[in-house]
Amino acid sequence: PVNEPLVTRMREFGTTVFAEMTRLAVETGSINLGQGFPDTDGPERMLERAVEAVRGGWNQYPPGPGLPELRRAVAEHRARWYGLEYDPETEVLVTVGATEAITAAILALCEPGDEVIVFEPYYDSYAAAIALAGAVRRPVTLRPDAGRFTFDPDELAAAAGPRTRAILVNSPHNPTGTVFTREELETIARICRDRDLIAITDEVYEHLTFDGVEHVPLATLPGMRERTVMISSAGKTFSVTGWKTGWVCAPAPLVGAVQTVKQFLTFTASAPWQLAVAYALREEMDWVAAQRAALEAKRDRLMAGLKSVGFEVFTPAGTYFIQTDIRPLGFADGHELALRLPELAGVVAIPTQVFYDDPSRGRHYLRFAFCKKDEVIDEAVRRLQRLA
Ligand code: PMP
Ligand code: GLN
């Protein structure tokens, strides 16, 4: 088998579903509503800033923790939006996307055998990062309740045991679109405080919420700033998923720990993007507001289309994604359907079941991305009508 040389702890991980499905889309000429990336660019001036940075000689290693310019912009952004104060010198770390931040945080903070609570369906890199650390994931399943996915507080409390070290909290949540309410976050915070857990928060969709729903960072709750590793990235906020520029905000000892690992993963993140993102965090938040409104309209457009095809559709309060139930169309297995979808309809989507410890819990879900041009969404819906 091809995977023979792979270490045991990584054997359950093949190619990520995003790469697999994007390849399928390219090979079959299908419309790609799988991998979550926008098909339009971020703010023009920000793109120019990146070009200027390259032309202006910002092409050597930036400092390990990131360019001071970006660290200061991140700290200002946290203060302005959330009232959270972080010292850009010691409490902000720039990473190669949120992905590196999450992996470095887990590797830095979890001993082999430590348990990490994750809400499933979970973003695929969490499981791999936990496995790399030799830690153990403890899933708490999000289930539909009154049209949105949420967790049972008792199940969460039961998941926290003597070996639990950390909880990974992704809100707005990929793939369900749930934005945790203050009450849900308070439940999580109480368990973190009572059990002395570290919270690692993945907030990459922090600005992409709809219907007036506001994103509340877990770190803003009482007693949480001191135990929260807050992670975000420019990819989703500014429609530049290929820039892979992210950051960690946390108290200095936690940031120091993450940096110790991060410096041996990549040492530092690319300089030109950092300058451009620092500019955008300060000057392009109006663009982000307009983008959020545009995305909300796209969400509604694709939701209406998927409903007309016959999917059961869950309304996401944030992210790029719509979670659907395929059973009303007579299908039972999302993975099977995802593999046949190019041939049946010329469209690609993501089978949500791959984000569960026990895939049967998510077997009947398919995730569609709506961060695409209106005409692309419309054409995808037209094609999907063949399923009806
Ligand atoms: N977390 C979640 C929930 C995501 O959907 C993604 C994909 N963008 C990431 C992390 C990775 O972010 P980045 O591209 O900045 O590494
Ligand atoms: N975050 C994007 C998604 O969920 C894709 C990330 C990736 O390709 N690794 O679709």
ask   = Can T237 and E284 be said to form a side chain to side chain donor-acceptor pair (under 3.5 Å), step by step?
value = CA-CA 10 Å; T237 298; E284 295 289 358; over 6 Å; no
So, is the end of the R363 side chain (NZ or CZ) under 6.0 Å from the ring centre of F331 and within 45° of the ring's axis?
no
Q: Would you confirm whether R148, through its side chain, and V179, through its main-chain N or O, come within 3.5 Å as a donor-acceptor pair?
A: yes
Taken to the nearest 0.5 Å, the spacing of T241 OG1 from W243 CH2 works out to 11.5 Å
| Side-chain H-bond candidate by donor/acceptor type, D202 with Y126, under 3.5 Å | yes
For the pair T324 (side chain) and L366 (backbone), establish whether a donor and an acceptor sit closer than 3.5 Å, ignoring hydrogens and angles. yes
On a heavy-atom basis, the closest approach of P342 and S30 is CB-OG, 3.3 Å
Minimal heavy-atom distance between L208 and F210, with the atoms involved, is O-CZ, 4.0 Å
ask   = With the 4.5 Å side-chain cut-off for hydrophobic clustering, are L329 and V348 part of the same group?
value = no
R227 and C192 have their tightest heavy-atom pair at NH1-O, 3.4 Å
Rounded to the nearest 0.5 Å, the NE2 atom of H77 sits from the SG atom of C249 at a distance of 9.5 Å
According to a 4.5 Å side-chain heavy-atom criterion applied to Ile, Leu, Val, Met, Phe, Trp and Tyr, with indirect links allowed, do Y205 and V288 form part of one hydrophobic cluster? no
Rounding to 0.5 Å, atoms NZ (K298) and CG (L302) come to a distance of 10.5 Å
Side chains of N174 and Y320: any donor to acceptor distance under 3.5 Å? no
Taking every heavy atom of R383 against every heavy atom of A345, the minimum-distance pair comes out as CB-O, 3.0 Å
R165 meets the salt bridge (Lys or Arg N to Asp or Glu O under 4.0 Å) criterion, sequence neighbours left out, with none
Separation between CG (L295) and SG (C371), nearest 0.5 Å, reads 7.0 Å
Looking only at side-chain N and O atoms, does T176 offer a donor or acceptor that is under 3.5 Å from a partner on Q323? no
Side chain to side chain contact (heavy atoms under 4.5 Å, CB included) filter on E115, not counting sequence neighbours, yields V136, R138, R163, T164
Apart from F180 itself, members of its ILVMFWY cluster (side-chain separation under 4.5 Å) are I117, F119, V140, L142, F149, F151, L156, I167, V169, L185, I188, I191, L197, V216, L218, L221, M224, F314, Y356, Y365
Test salt bridge (Lys or Arg N to Asp or Glu O under 4.0 Å), reference R78, set E206, E85, E91, E203, output is E206
*Does H215 have its ring centroid less than 6.0 Å away from the ring centroid of W81?*
no
**Prompt:** Taking atom types as modelled, is there a side-chain donor on N32 or T22 under 3.5 Å from an acceptor on the other?
**Reply:** yes
(message) Same cluster or not: V96 versus V92, using hydrophobic residues (I, L, V, M, F, W, Y) connected whenever any side-chain heavy atoms lie under 4.5 Å apart?
(response) no
Contacts table for residues 266-274: side-chain donor-acceptor under 3.5 angstrom, sequence neighbours left out:
unit_1 : atom_1 : unit_2 : atom_2 : d
T266   : OG1    : E100   : OE1    : 3.4
T266   : OG1    : E100   : OE2    : 2.4
T266   : OG1    : K262   : NZ     : 2.7
T268   : OG1    : P62    : O      : 3.4
T268   : OG1    : P63    : O      : 3.0
Q274   : OE1    : L67    : N      : 2.7
Q274   : NE2    : A269   : O      : 2.8
Q274   : NE2    : S270   : O      : 3.4

Output for pair (R182 CZ, E184 CD), nearest 0.5 Å, gives 12.5 Å
Value for CG (D333) from CZ (R340), rounded to nearest 0.5 Å, stands at 10.5 Å
Would you find a donor on one side and an acceptor on the other, under 3.5 Å apart, between the side chain of N170 and the backbone of P172?
yes
Review point. For the side chain of T95 and the backbone of A98, is there at least one donor-acceptor N/O pair under 3.5 Å apart?
Key: no
In short, A257 meets L109 closest at the heavy-atom pair CB-CD2, 4.0 Å
Ignoring hydrogens and angles, tell me if any N or O in the side chain of D325 forms a donor-acceptor pair with the backbone of R327 under 3.5 Å. yes
Are E69 and R282 close enough for a salt bridge, meaning some N to O gap below 4.0 Å? yes
Discussion item. Would the distance check show the side chain of R193 and the main-chain N or O of P222 forming a donor-acceptor pair, the cut-off being under 3.5 Å?
Written reply: yes
Please set out all donor-acceptor pairs under 3.5 angstrom arising from side-chain atoms of residues 49-59, sequence neighbours excluded.
unit_1 : atom_1 : unit_2 : atom_2 : d
E52    : OE2    : R45    : NH1    : 3.3
N59    : ND2    : V54    : O      : 2.8

- Is it the case that R367 places NZ or CZ above or below the six-membered ring of F321, under 6.0 angstrom from the centre and within 45 degrees of the axis? yes
For T260, the side chain to side chain donor-acceptor pair (under 3.5 Å) test, sequence neighbours excluded, returns none
*asked:* For the residue pair K372 and F37, would you count it as a cation-pi contact if the rule is NZ or CZ under 6.0 angstrom from the ring centre and within 45 degrees of the ring axis?
replied: yes
Are L384 and L337 connected, step by step, through hydrophobic side chains (Ile, Leu, Val, Met, Phe, Trp, Tyr) whose heavy atoms are closer than 4.5 Å?
yes
In short, T319 meets G177 closest at the heavy-atom pair OG1-CA, 3.9 Å
Margin query: I'd like to know if the side chain of R137 and the backbone of I130 have a donor-acceptor N/O pair within less than 3.5 Å.
Written below: no
For this session: Following the transitive rule for hydrophobic clusters with a side-chain heavy-atom cut-off under 4.5 Å over Ile, Leu, Val, Met, Phe, Trp and Tyr, establish whether L93 and L70 coincide in one cluster.
Result: no
